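Worksheet for the structure shown next.
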Protein chains: 2
Amino acid sequence: MTDMPGNRPAPRQGSGSVTIAHVAAAAGVSKQTVSNVMNSPAKVRTETRERVQRAVAELGFQPNRLARALRSSAAGMIACRIEPVSSHSLAHLHDRFLHALAEAGQASGRHLMLFAADDAESEAATCVQLVRTGSVEGVVLYNVVPDDPRPSILTEARVPFVCFGRAADAGWVDVDNARGVASVVDHLAESGHRSIGFLGFPEGHRVGDDRAEGWVTAMDRHGLLAGSHRLDVRGEDTWLSGARMARSLLGRPDAPTALVAASDTLAAGALQAFRDLGLSPGQDVAVVGYDDTPSAEVLDLSSVRQPLPEVGRRIVEALCSPDGTTTPVTSLLPPELIVRGSSRPQA
Amino acid sequence: MTDMPGNRPAPRQGSGSVTIAHVAAAAGVSKQTVSNVMNSPAKVRTETRERVQRAVAELGFQPNRLARALRSSAAGMIACRIEPVSSHSLAHLHDRFLHALAEAGQASGRHLMLFAADDAESEAATCVQLVRTGSVEGVVLYNVVPDDPRPSILTEARVPFVCFGRAADAGWVDVDNARGVASVVDHLAESGHRSIGFLGFPEGHRVGDDRAEGWVTAMDRHGLLAGSHRLDVRGEDTWLSGARMARSLLGRPDAPTALVAASDTLAAGALQAFRDLGLSPGQDVAVVGYDDTPSAEVLDLSSVRQPLPEVGRRIVEALCSPDGTTTPVTSLLPPELIVRGSSRPQA
DNA sequence: ACCCTCCGTTTTACCGATCCAATCCGATCG
DNA sequence: CGATCGGATTGGATCGGTAAAACGGAGGGT
């Protein structure tokens, strides 16, 4: 209680921060007891605990994360690359995903570190380095494609990681794209639509193909597929392309009464096509987008929302669970359909 | 060279990482010499240095960031809040800004930590906590508004911080919005336009007002302001609102031949209005957007680009420079006009 | 030969917390 | 009444580096 361990002047002026030793001295106990109060309060007698807690509150003590991390070799951090802007369709989700990840991490006492990288290889190299230097406990991969080089590099280097998007021989969390589109078809079919078109991405990419497959499956289930294969059109994920595709579908003799778009961008283009053709969205013809971007709300556009908060939680959980010899954790989450004016059945 | 300091089994199997002690043992020198090789190579004799470097390479040693940070009490990290998605016009910039920040930080050996917060107050509280726990050296504030509560809280708590956007009594980095819009007016005036309209945000917000002021100033400088005050219209930052405002301007008897928009969103709306009116962008009427979002390129829309990489560098520099009693660093950067088809003078 | 400087290296201490083993204490028990 | 026992508390070592001071041998000056 008299002086500081280490003969340092008590609460240092200015810049120095309050350490566990200051608290211990103030409460008249040892450092270890303070540590116990912070980490396993049950081990400390109530009276002592309260005395320590008072000292903690008075001095405004906050344990040094670095020291704790060093000693317990648990960095309390996960890393994720922040990609440069691209016209990739998932780019719109990137910041929402990072937000979800940050929030989920905080909920379990872990922070999110961002890093930039030029390509997949340097991203993987950075991940390895971050883990080797003890900076992070694991990393999250985003936008994983079928023959992605990253999972194998990281597995080889024994870097804990989880993918957002399916990957072989690795832990992943994904949102069921096929199911999302299928739920849109269900919704439209239940609203009485019998001819439902699909505006998709060019073939060859996982996400786009999954969404297309959802349309086929659901159409078939409703017995609407026969003769509908002409209603499946594909094109770039741009507003103009969406408008063009919608116009071409609606210009046919067997024009569909509803459209499912693989993105809000395409759906926004479709809305424009409706306007050009003098059709009223939701009344004359329905359209539903995907990803529930901010513009969907502005445009009163129905859309499929990915449960990003849950995705974040699952990823953090998978990353921090007792990894090892067991099969990597995988989970496929259902998206949620948000119905707005563009597809609401008129009363 | 014989056994490990601390009597630990040499390169531990599996999970354990290579430490400075392993390298020291392998090279037959002390830990400190290894440390010197890594940090101040000049202090070490060439022969010794090479021997150590060989050992470093062989063992794949990477210094533990946590240990280094703890000892030198320099976290090597900066933090920035990641905001939830909003319809705020600057939201489009958020991920690009974070990317720039991450890149700039890496260039100076600092990593970027992201955190989520519900409001400005809890954001400030988190910042204080992050610095107090030694997790980060400083924080970056984004979207700073005139009477923002955050700067004063952080100053009070002696948390080093820099704002992206002007703030009183604090370090900040900003892009000159007025100058950006003025450069657009210059460009249009040089292309022969004499009647130039402005599509802006509702009054009362720093960014929007700055951009509007740029239009006024430049128009006046070119002697085009007289009678032009009717060409300054304001509205929400949405696509629909942009289309509406453009239509209303172009429908007048004194219709402008060029439009300056305060955002790409508004400009995209204007492009739609042109289409509706049968006008050809860049030929019949010019339009220029702001922020050079990805859609600007797709739409062949001229736009003003904020020099985010430079903003990031300046922020990191300001945050890590010898802070203290001197006046906080402030810098106002010029944006760059990207001319595309929507405003290119026809040859 | 002696002292002093200089340089390269090692030694010692330390950053701030946690882990482990040892100690202390009152309470129970033979 | 001394030995034992279990929970509360403490001291010391440790995590992996870095700062500062101590060390030792080569070279220079007188």
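Keep in mind that this is a model prediction, so the values were computed, not measured. So that the names make sense, note that chain A is the first sequence line, chain B the second, and so on, each numbered from 1.
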### Message
Can a donor-acceptor pair be found, under 3.5 Å and without considering hydrogens, that links the side chain of A:Ser73 to the backbone of A:Leu70?
### Response
no
### Query
Can you tell me how far C1' of C:dC14 sits from CZ of A:Arg71, to the nearest Å?
15 Å
### Query
Rounded to the nearest Å, what distance is computed from the CZ atom of residue A:Arg45 to the P atom of nucleotide C:dA27?
11 Å
## Note on the structure
Winner on side-chain proximity to A:Gln32, out of D:dT18, D:dT10, D:dC15, is D:dT10
### Query
How about B:Phe61 and B:His22: are their ring centroids closer than 6.0 Å?
no
### Query
Is B:Asp119 atom CG crowded by more than 12 heavy atoms from other residues, nucleotides or ligands, each under 6.0 Å away?
yes
### Query
Starting at CG of B:Leu70 and ending at C1' of D:dG17, how long is that distance when rounded to a whole Å?
8 Å
### Message
Counting distance alone, no hydrogens or angles: does the base of D:dT18 have a donor or acceptor under 3.5 Å from a partner atom on the side chain of B:Arg68?
### Response
no
### Message
Taking any heavy-atom pair under 4.0 Å as a contact, classify B:Thr33: base, sugar-phosphate, or nothing.
### Response
base
### Query
Looking for any heavy atom pair under 4.0 Å, which part of the strands does B:Ser30 touch: base, sugar-phosphate only, or nothing?
base
### Task
Report the residue (A:Asn36 or B:Lys43) whose heavy-atom-nearest nucleotide on DNA chain C is the more 5′ of the two.
B:Lys43
### Task
Have a look at B:Val34 and say if it touches a base, only the backbone sugar-phosphate, or nothing, with a 4.0 Å heavy-atom cut-off.
nothing
### Query
Salt bridge between B:Arg54 and B:Glu58, side-chain N to carboxylate O under 4.0 Å?
no
### Query
Pick the nucleotide of DNA chain C nearest each of B:Ala67 and B:Val29; which residue has the one closer to the 5' end?
B:Val29
### Query
Which whole-number value in Å describes the distance from B:Arg49 CZ to C:dC7 C1'?
14 Å
#### Entry: Side-chain-base donor-acceptor pair under 3.5 Å for B:Lys31 and D:dG17
yes
#### Entry: d(CD, A:Glu47; P, C:dG26) in whole Å
14 Å
### Query
Considering only side-chain heavy atoms of B:Thr48, which listed nucleotide, C:dT9, D:dA13, C:dC14, is closest?
C:dT9
